[in-house]
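Excluded from the calculations below are hydrogen atoms, water molecules and symmetry mates; all remaining heavy atoms, backbone and side chain alike, are included.
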Amino acid sequence: MLAPVRRAGRGLRATVTVLVLGAVLFLAGAVVLGSRQGPGQERTAVSGPGAGRSERGSVAALTERVRQVPKDPAGWAGLGMAYVQQARTTADPATYERAERALRRSLTVQPRDNYQAQIGMGALAAARHRFTEALDWGRKAAAANPSSAEAQGVLGDAYTQLGRYEESYRAIQRMTDLRPDAGALARASYTWELRGDVPRARELMDRSLRAAPGAPERAFARTHLALLALESGHPREALRQAGAGLRESPRDGGLLEARARSRAALGERAKAVFDYEKAIAVAPLPQYLLGLGELREATGDRAGAEEQYALLRAQDQVRRSGGGPADVDAILFEADHGKPERAVAMAEQTLRGRPFLAVQDAAAWALHRAGRDTEALARADKALALGTRSALFHFHRAEIHRSLGDSAAARRDHARALALDPHFHPRYAPEARARLRAADATADHRSR
């Protein structure tokens with residue numbers, strides 16, 4: 001049994017990059033590429049986080065296929081999913097429009113029982129952070145084909161981001177029961193990570209790595225094995241995992257970021273900057289820009305940091321012009337480097353459609369930075385309600401407790417943050433150590 005669907009214990013490694021995993025990296029599910037459709041007729045599939053990136057499943061190959069067979073609904077569905085994957089790796093929003101056109105074409109060709117296209121539409125909706133819409137598509141796909149593991153993956157991803165964790169555990173258990181492949185095992189790993197069972201999360205991600213059918217899936221597993229190690233306070237193991245992945249996939253942005261964070265934790269800051277720059281060259285994702293900016297700021301390179309922050313502001317301007325909800329990184333960036341009240345408004349908008357625990361934490365930090373600490377504490381407690389093993393979350397709550405005058409609670413959370421990961425943030429980890437030293441000095445003085 002991979003993930004029994006009962007309430008589990010406490011804990012989670014949960015920095016922002018990892019916690020957006022369900023929203024960004026687990027989206028693709030799988031799309032069947034056989035020429036016939038229908039429940040029980042699944043055959044060869046491109047599945048898991050790397051779907052759509054094999055030569056056979058590439059955008060170019062699938063475009064040629066639908067050119068030759070324009071009435072093939074599975075071909076159009078496969079092309080749509082490949083575009084979803086391409087957008088994830090290139091950070092090009094226009095590619096989502098191409099994905100939707102291809103998936104809608106599949107649904108036009110076959111309006112009924114087209115679960116491949118419905119799975120693709122669910123993955124696309126989740127990629128756009130439209131999680132209620134993703135849930136609707138996942139339900140349609142599961143109704144059209146109850147034996148589809150990928151439909152359960154879409155449901156699990158949507159339930160997770162909607163904060164419906166017990167339902168997400170059940171969906172992902174169902175997925176692993178139907179087909180325990182690399183994608184299912186990776187999702188199962190994440191459910192245990194959310195509940196704080198890092199050893200089980202690591203075991204399942206190791207199994208996902210062994211089951212991976214190709215380089216993209218192996219890169220995905222290596223990335224998250226590296227992050228599990230990094231955020232458990234083992235940066236050398238994280239560096240080993242990231243390096244092993246990069247030897248096979250040297251331009252994988254997730255692996256480059258994991259190696260950058262590992263090197264920063266080990267004090268190799270120049271090498272970390274280099275890796276962040278390479279990751280941004282692959283795809284200028286917000287977490288890469290923010291990570292590099294804050295690393296440069298911590299080393300005294302304020303001008304270099306501002307270059308990254310300017311790009312983040314430009315990205316958020318595009319988001320605001322489209323009316324879409326902010327991601328966690330944008331909220332935290334605005335709270336720390338912009339206007340805290342604006343960050344609060346961004347968080348409130350995002351929470352309406354995505355009450356996931358990482359968004360709860362970002363909302364807590366924004367409220368704290370805006371001086372609204374009583375409200376912030378309620379959000380911080382929600383972020384940690386699953387027993388989250390996150391150094392950053394504990395640091396955020398520590399600072400909120402400190403502002404509210406609860407020095408004992410603040411000390412506990414500062415100590416917990418550093419025990420989980422002594423290098424969790426280039427600015428805030430040193431700050432947490434300074435807070436602890438000051439608290440201990442005060443306690444020593446009082447005891448005399």
Side-chain angles (χ1 to χ4, degrees), residues 23 26-48 51-54 56-88 93-159 161-162 167 171 174-175 178-179 183-184 324 353:
F26 283 161
L27 297 174
V31 173
V32 174
L33 298 177
S35 60
R36 293 188 293 166
Q37 295 189 92
Q41 293 186 333
E42 294 189 26
R43 277 172 289 280
T44 305
V46 177
S47 60
R53 289 198 284 177
S54 68
R56 183 176 58 104
S58 68
V59 167
L62 290 163
T63 300
E64 178 59 21
R65 173 174 172 168
V66 297
R67 188 189 68 80
Q68 294 180 2
V69 190
K71 295 295 186 181
D72 179 12
W76 284 108
L79 178 60
M81 183 63 80
Y83 275 131
V84 173
Q85 283 300 109
Q86 187 180 82
R88 179 181 71 77
T95 307
Y96 289 133
E97 299 299 326
R98 301 185 190 100
E100 182 169 3
R101 285 195 295 271
L103 292 165
R104 294 284 184 192
R105 180 68 177 271
S106 178
L107 289 165
T108 298
V109 173
Q110 183 178 325
R112 294 176 57 83
D113 297 326
N114 187 347
Y115 69 93
Q116 291 101 326
Q118 290 163 342
I119 289 167
M121 289 294 290
L124 175 62
R128 290 168 159 172
H129 289 189
R130 301 172 185 172
F131 296 107
T132 300
E133 183 181 331
L135 181 60
D136 289 342
W137 283 110
R139 285 171 170 166
K140 289 175 183 177
N145 185 0
S147 65
S148 169
E150 294 77 22
Q152 296 300 318
V154 171
L155 288 173
D157 296 343
Y159 281 132
Q161 297 299 317
L162 291 169
E167 290 164 288
R174 172 73 173 151
M175 184 184 191
L178 287 165
R179 193 172 69 201

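The heavy-atom pair separating Gly78 from Leu62 by the smallest distance is O-CD1, 3.3 Å. Nearest heavy atom pair, residue Ala144 against residue Tyr115, reads CB-CB, 3.9 Å. The two atoms that bring Ala77 and Ala117 nearest to each other are CB-N, 3.8 Å, heavy atoms only. Taking all atoms of both residues into account, the shortest heavy-atom contact from Leu178 to Gln152 is CD1-CG, 4.1 Å. In this structure, Ala126 and Ala134 approach most closely via the heavy-atom pair N-CB, 3.8 Å. Counting all heavy atoms, side chain and backbone alike, Gly153 lies closest to Met175 at CA-SD, 3.6 Å.
Among residues two or more places apart in sequence or in another chain, the salt bridge (Lys or Arg N to Asp or Glu O under 4.0 Å) test is passed with Arg67 by Glu64. Residues forming a salt bridge (Lys or Arg N to Asp or Glu O under 4.0 Å) with Glu133 (at least two apart in sequence, or on another chain): none.
Judged purely by distance below 3.5 Å, without hydrogens or angles, the side chains of Thr108 and Arg105 never pair a donor atom with an acceptor atom.
Side-chain contact between Tyr83 and Thr63 is present, with at least one heavy-atom pair separated by less than 4.5 Å. Here the side chains of Glu100 and Arg128 are in contact, with some heavy-atom distance below 4.5 Å. Residues Leu162 and Leu135 are in side-chain contact: their nearest non-hydrogen atoms beyond the backbone lie under 4.5 Å apart. Between Arg174 and Leu155, the closest side-chain pair of non-hydrogen atoms is not below 4.5 Å.
Taking CZ from Arg65 and CG from Asp72, the interatomic distance works out to 4.5 Å, rounded to the nearest 0.5 Å. Here CG of Asp113 is found 13.0 Å from NZ of Lys140. Values are rounded to the nearest 0.5 Å. In this structure, Met81 CE and Leu103 CG are separated by 7.0 Å, a value rounded to the nearest 0.5 Å. Taken to the nearest 0.5 Å, the CG atom of Asn145 stands 7.5 Å off from the CD1 atom of Ile119.
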Inset, instruction - Give the C-alpha distance, both sets of side-chain angles, the deciding distance and a yes or no for side-chain contact (heavy atoms from CB on, under 4.5 Å) between Gln118 and Val154. - result: CA-CA 10 Å; Gln118 290 163 342; Val154 171; over 6 Å; no
Inset, instruction - Could you walk me through whether Met121 and Arg104 pass the side-chain contact (heavy atoms from CB on, under 4.5 Å) test, one step at a time? - result: CA-CA 8 Å; Met121 289 294 290; Arg104 294 284 184 192; 3.4 Å; yes
Inset, instruction - Go through the steps to decide whether Tyr96 and Leu124 satisfy the test side-chain contact (heavy atoms from CB on, under 4.5 Å), and finish with yes or no. - result: CA-CA 7 Å; Tyr96 289 133; Leu124 175 62; 3.5 Å; yes
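Side chain of Asn114 to backbone of Ser106: a donor-acceptor contact under 3.5 angstrom is found. The closest donor-acceptor contact from the side chain of Trp76 to the backbone of Pro70 lies under 3.5 Å.
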